[in-house]
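Just below is one structure, and these are the notes that go with it.
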Amino acid sequence: MKTPKLNLTRKEFDKVYEPCEDSFLFLDLLEQEIGYLKELDPLKILEVGSGSGIIITFIAQLLGNDRCYFSTDINPFACKATLKTTILNNVNVDIINTKFIDGINQKFDLCLFNPPYVVTTNEEITGDLQRSWAGGIDGRVVIDEFLSRLDDITRVCYLLVINENNPNEIMEIMNSRGWKSEKVIYRAVGWEGQSILKFVKQ
Ligand SMILES: C[S@@+](CC[C@H](N)C(=O)[O-])C[C@H]1O[C@@H](n2cnc3c(N)ncnc32)[C@H](O)[C@@H]1O
């Protein structure tokens with residue numbers, strides 16, 4: 001599958017996360033999971049934290065237009081960027097400027113999240129661009145809040161993490177909450193080890 005076309009300017013990327021190795025790992029993972037995804041046959045697909053829109057656009061192209069696609073982002077500039085990318089690539093996505101799924105009274109068949117995972121102080125989780133990567137203590141502040149709400153969001157989720165986030169501990173916590181957890185892809189990016197975890201509600 002081709003990577004979606006992007007037409008965002010340097011000025012826009014001053015406020016919106018520019019697709020990086022983590023974004024591309026997510027695209028590779030979605031291609032790898034195509035058999036499972038076709039079997040799952042999700043009707044309502046959500047990406048939390050869509051940024052430039054590259055991931056939600058890619059999955060919409062991968063699974064086709066006969067499904068409902070949604071994205072949320074806490075950053076209004078990211079929502080505008082996602083809209084631009086979806087229009088450029090002829091896919092339909094309902095784009096909502098909110099934290100996680102606040103104010104959305106729906107549950108989704110599939111959820112994707114490439115979260116802010118970098119280890120920082122909690123005070124650094126601030127500002128439009130910085131919020132895209134600053135993850136607080138252990139890089140886990142946004143991740144842990146998201147996972148604590150996962151039962152209300154979806155039954156199947158893919159979440160990107162790095163080694164510093166302690167993926168094994170995350171999987172143990174999710175297993176104890178009645179989810180089946182699995183590491184589905186891993187890539188070493190310089191000194192950083194990136195994984196995508198898959199959670200399926202049992
Ligand atoms: C690492 S970037 C990923 C962007 C894009 N999905 C990609 O892979 O290129 C994380 C994104 O999550 C958004 N974000 C951070 N915290 C969020 C929250 N609590 N709810 C919704 N979006 C959030 C950020 O604004 C940013 O766009």
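Both backbone and side-chain heavy atoms feed into the values below; hydrogens, waters and symmetry mates do not. Counting starts at 1 for both ligands and their atoms, following the listed order.
- Leu8 and Leu88 fall into different hydrophobic clusters, where Ile, Leu, Val, Met, Phe, Trp and Tyr are joined by side-chain heavy atoms under 4.5 Å apart, directly or via other members.
- In terms of polar-atom proximity, Pro19 is not counted as a contact of ligand 1, lacking any N or O under 3.5 Å from an N or O of the ligand.
- Salt-bridge formation is not detected for the pair Asp73/Arg131: no Lys NZ or Arg NE/NH1/NH2 atom is positioned less than 4.0 Å from an Asp or Glu carboxylate oxygen.
- In this structure a side-chain-to-backbone donor-acceptor pair under 3.5 Å is present from Gln32 to Val184.
- Proximity of a side-chain donor or acceptor of Arg149 to a complementary backbone N or O of Glu145 within less than 3.5 Å is not detected.
- Contacts of Pro115 with ligand 1, taken as heavy-atom pairs under 4.0 Å, involve the backbone alone.
- Only the backbone of Arg131 comes within contact range of ligand 1, with a heavy atom under 4.0 Å; no side-chain atom does.
- Panel note: side chain Gln130, backbone Glu124; a donor-acceptor pair is recorded below 3.5 Å.
- Each of the following atoms of ligand 1 lies closer than 4.0 Å to a heavy atom of Asn75: 25 (O).
- With a 4.0 Å heavy-atom cut-off, ligand 1 is reached by no atom of Glu18.
- Remark: ligand 1 atoms within the under-4.0 Å shell around heavy atoms of Ser23 are 7 (C), 8 (O), 9 (O).
- Atoms of ligand 1 found under 4.0 Å from any heavy atom of Ser50 (numbered from 1 in listed order, with element): 5 (C), 6 (N).
- For atom 1 (C) of ligand 1, the closest non-hydrogen atom on the protein side is Ser132 O, 3.1 Å.
- Nearest to atom 8 (O) of ligand 1 among the protein's heavy atoms is Asn114 ND2, 2.8 Å.
- The protein heavy-atom contact nearest to atom 14 (N) of ligand 1 is Ile74 CG2, 3.8 Å.
- Remark: ligand 1 atoms within the under-4.0 Å shell around heavy atoms of Lys99 are 19 (N), 20 (N).
- Side chains of Ser50 and Glu47: a donor-acceptor N/O pair is absent below 3.5 angstrom, by distance only.
- Every atom of ligand 1 with a heavy atom of Gly49 under 4.0 Å away is listed here by number and element: 3 (C), 4 (C), 5 (C), 6 (N), 11 (C), 12 (O), 13 (C), 22 (N).
- Contacts between Ile55 and ligand 1 below 4.0 angstrom, taking non-hydrogen atoms only, involve the side chain exclusively.
- Not one N or O of Asp22 is nearer than 3.5 Å to an N or O of ligand 1, by distance alone.
- Ligand 1 has an N or O atom lying under 3.5 Å from an N or O atom of Asp73, backbone or side chain.
- Contact annotation: Thr98 has at least one heavy atom less than 4.0 Å from an atom of ligand 1.
- Contacts of Tyr17 with ligand 1, taken as heavy-atom pairs under 4.0 Å, involve the side chain alone.
- Comparing heavy-atom distances from atom 19 (N) of ligand 1 across Tyr117, Trp133, Phe100 singles out Phe100 as nearest.
- A side-chain N or O of Asp22 and one of Tyr117 form a donor-acceptor pair less than 3.5 Å apart.
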> Given Phe113 and Phe146, is the ring-ring contact (aromatic ring centres under 6.0 Å, His included) satisfied, shown in steps?
Replying inline: CA-CA 9 Å; Phe113 192 18; Phe146 171 73; 4.8 Å; yes
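- With hydrophobic clusters built from ILVMFWY side chains whose heavy atoms lie under 4.5 angstrom apart, Phe100 does not share a cluster with Phe77.
- Every atom of ligand 1 with a heavy atom of Glu47 under 4.0 Å away is listed here by number and element: 6 (N).
- Under a 3.5 Å cut-off, the side chain of Gln61 and the backbone N or O of Phe58 do not form any donor-acceptor pair.
- In this structure, the side chain of Thr98 does not engage the main chain of Ile101 through any donor-acceptor pair within 3.5 Å.
- A donor-acceptor pair under 3.5 Å links the side-chain atoms of Lys44 to the main chain of Lys107, judged by distance alone.
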